[in-house]
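So the structure is just underneath, and the comments pick up after that.
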Amino acid sequence: MQEFFAMGGYGSYVWSAFGISFLIILINLVQPALQHRQAIRDADDFHHQEK
Amino acid sequence: MSSLWSLIRRDLLLAYRRRGEVGNALIFFGLVVLLFPIGIGASETLLAQIAPGLIWIAALLATLMSLDSLFKEDYQDGTLEQWTLSPHSLVAFVWARLISHWLITALPLVAVAPVLALTLNLPADAIGVLLLSLLLGTPVLMFVGAIGVALTTGLQKSSLLLPLLVLPFYIPVLIFGASAVEVSASGWSAAGQLYILAGLFVLGLTLAPFAVASALKVSVSQ
Amino acid sequence: MNIIAKWYYRLGAPNWFYPLTGKMLPWIAVIFLALLIPGLYMGLFTAPADYQQGDSFRIMYVHVPAAWMSMFIYFAMAVAAVVALVWRVRMAEIMIISSAPIGASFALIALITGSLWGKPMWGAWWVWDARLTSELILLFIYLGIFALYNAIENKQTAGRAMSILTLVGVVNLPIIHYSVVWWNTLHQAATVSKFDTPSIHIDMLIPLLLMAAAFQFLYLWILLLKMRANLLEQDLHCGWVKKIIWDRRKAHNGGN
């Protein structure tokens with residue numbers, strides 16, 4: 001297991017590459033979800049007032 | 001065709017009456033070139049080495065800056081809207097405007113470039129190629145830049161948007177323009193690079209006005 | 001008639017698109033994970049280390065699919081731009097503006113992982129290699145498209161302006177790419193690119209293909225999420241949103 005994380009001495013490069021990629025992808029998934037939730041909330045307000 | 005010519009003549013006349021503005025791009029060009037020896041150091045060999053790229057970058061930026069006003073007045077006073085509604089071809093209007101704008105802003109730039117090149121110790125043999133590459137390259141910069149200008153014409157605040165849109169598309173011209181000068185400064189033939197610039201010129205001349213015209217239509221419609 | 005057709009496109013399409021994609025999303029996420037997990041497992045565990053690059057080549061499993069996606073997404077946007085301009089399909093515009101940040105993200109991933117791969121291989125964080133330079137230019141083009149759309153207030157105008165810029169980009173991208181390649185060979189003829197592996201072992205290839213397929217579904221997943229959010233945001237006052245809100249409320253009240 002230790003060996004696996006060491007990646008033959010390249011561990012820091014390999015894991016930071018995968019880590020940063022994961023982070024960027026995560027932001028891409030979370031941002032539209034938050035935007036969607038906000039839009040639903042705004043729409044809810046708007047159509048509530050309107051009745 | 002005659003309307004094309006009369007449009008160009010009108011633009012030239014207007015520019016002649018406002019000579020001060022025309023000079024601004026030239027001054028900007030000179031200033032950018034001046035910044036490099038100051039920032040990098042005035043070593044003659046170093047300057048001679050980077051002179052081709054440096055003059056090309058300065059010319060590119062000066063062209064870009066001058067483009068800002070390309071359609072602004074026509075947009076504000078409604079001329080542009082009239083053109084899009086009139087039976088006259090908007091593409092012809094764009095062509096005429098680009099030709100006159102090139103004559104007014106880029107041609108003086110090309111004329112001044114050799115003087116600036118000499119201050120940077122560019123070998124005198126390369127000056128002919130520098131002129132030729134700028135003559136072929138600056139119209140391409142105008143064509144591509146005009147698309148960006150047309151897309152941002154209707155915007156109130158667009159100052160930094162234009163370079164953002166346009167600069168990536170300037171890269172091929174910069175590569176071949178600077179390389180032509182560099183190669184001829186080293187004593188080789190720059191024919192290949194000049195042919196490619198000529199190819200880009202023809203491509204821009206034929207395709208860009210249509211893109212500019214359709215972008216103008218979009219900008220006017222808002 | 002024309003006006004009716006136009007309004008049908010404007011309002012009819014989201015009305016159909018939104019619930020349909022809502023049902024598709026979980027499936028897309030499942031397929032993505034089903035491709036990603038074996039891809040990552042094989043890429044990180046079972047694929048043999050490269051005889052030249054050791055284990056650092058494993059960065060390839062995220063770098064190469066990300067670079068492929070950054071190009072694929074631009075191509076998809078260009079197709080959508082033609083559809084948007086010729087047939088005035090608003091949904092195509094939403095697709096372009098939703099894709100641009102995803103494409104930029106994949107380009108950014110390709111650049112960062114390329115840099116992290118390049119450091120042990122080239123000894124420098126950044127090398128002006130033709131591929132990295134082209135990728136960087138592509139990133140800037142994505143950002144330009146995104147900036148243009150956001151700068152124009154009227155979203156109808158913004159959509160058309162952005163479509164034109166996307167098409168200008170697709171004409172220019174090959175020219176830019178080949179001039180950068182040419183420039184690179186001129187200036188750095190001595191650089192031996194270790195990325196050019198002429199033949200790739202099958203055990204290394206399979207995880208790469210799995211990851212590439214996974215990234216396709218990842219794109220689709222993010223794209224639909226973004227399109228739905230953008231649609232809802234833009235059509236806040238429209239009838240179809242109202243209907244969705246009422247349905248949600250009904251479901252909510254029924255639950256209580």
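Bear in mind that the values here come from a model prediction, so they are computed numbers and not experimental data. Heavy atoms only: backbone and side chains are in, while hydrogens, waters and symmetry mates are out. Letters go in sequence order (proteins before strands), and every chain restarts at 1.
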Checklist entry - How about C:Pro14 and C:Asp235: do any of their side-chain heavy atoms sit closer than 4.5 Å? => result yes

Checklist entry - Going by heavy atoms in the side chains, are C:Phe106 and C:Met71 under 4.5 Å from each other? => result no

Item to check | Step-by-step salt bridge (Lys or Arg N to Asp or Glu O under 4.0 Å) determination, A:Asp44 to C:Arg248 | outcome: CA-CA 9 Å; A:Asp44 202 61; C:Arg248 277 175 70 98; over 6 Å; no

Item to check | Most chain A-contacting option - heavy-atom pairs closer than 4.5 Å, from C:Leu218, C:Leu40, C:Thr113, C:Ile59 | outcome: C:Ile59

Segment of [X] engaging chain C (4.5 angstrom heavy-atom cut-off):
X       : answer
A:Gln31 : side chain
A:Ala33 : neither
A:Ile40 : both
A:Ile20 : side chain

Checklist entry - Which residues from residues 20-33 of chain C are near chain A, with near meaning under 4.5 Å between non-hydrogen atoms? => result none

Next on the checklist: Sub-4.5 Å heavy-atom contacts with chain A: which residues of residues 93-103 of chain C show up?
Outcome noted: C:Pro101, C:Ile102

Item to check | Stepwise salt bridge (Lys or Arg N to Asp or Glu O under 4.0 Å) test for C:Asp247 and C:Lys243 | outcome: CA-CA 6 Å; C:Asp247 286 352; C:Lys243 191 174 168 295; 3.4 Å; yes

Next on the checklist: Assess the residue pair C:Gln234 and C:Arg90 against the criterion (side-chain hydrogen bond (donor to acceptor under 3.5 Å, both in side chains)); give the C-alpha distance rounded to whole Å, side-chain angles, the decisive distance to 0.1 Å, and a yes or no.
Outcome noted: CA-CA 12 Å; C:Gln234 285 188 15; C:Arg90 177 174 165 245; 3.3 Å; yes

Check: [X] side chain, [Y] main-chain N or O, donor-acceptor pair, under 3.5 Å:
X       : Y        : answer
C:Tyr61 : C:Met204 : yes
A:Ser16 : A:Ser12  : yes
C:Ser70 : C:Ala67  : yes

Next on the checklist: Please classify the contact between C:Leu225 and chain A as side chain, backbone, both or neither, with a heavy-atom cut-off of under 4.5 Å.
Outcome noted: both

Item to check | Part of C:Leu231 lying under 4.5 Å from any heavy atom of chain A | outcome: neither

Next on the checklist: Here's one to test your reading of the geometry: is the NZ or CZ of C:Lys155 within 45 degrees of the ring axis of C:Tyr149 and under 6.0 Å from its centre?
Outcome noted: yes

Should the ring pair [X] and [Y] be called parallel, tilted or perpendicular, given that the plane angle runs from 0 to 90° and is split at 30 and 60?
X       : Y        : value
A:Tyr13 : A:Tyr10  : tilted
C:His63 : C:Trp117 : perpendicular
A:His36 : C:Tyr18  : parallel

Checklist entry - Hey, which of A:Ile27, A:Leu34, A:Val14 has the most heavy atom pairs under 4.5 Å with chain C? => result A:Val14

Next on the checklist: Would you say A:Asp42 and A:Gln38 are linked by a side-chain donor-acceptor pair, where the criterion is simply a distance under 3.5 Å?
Outcome noted: yes

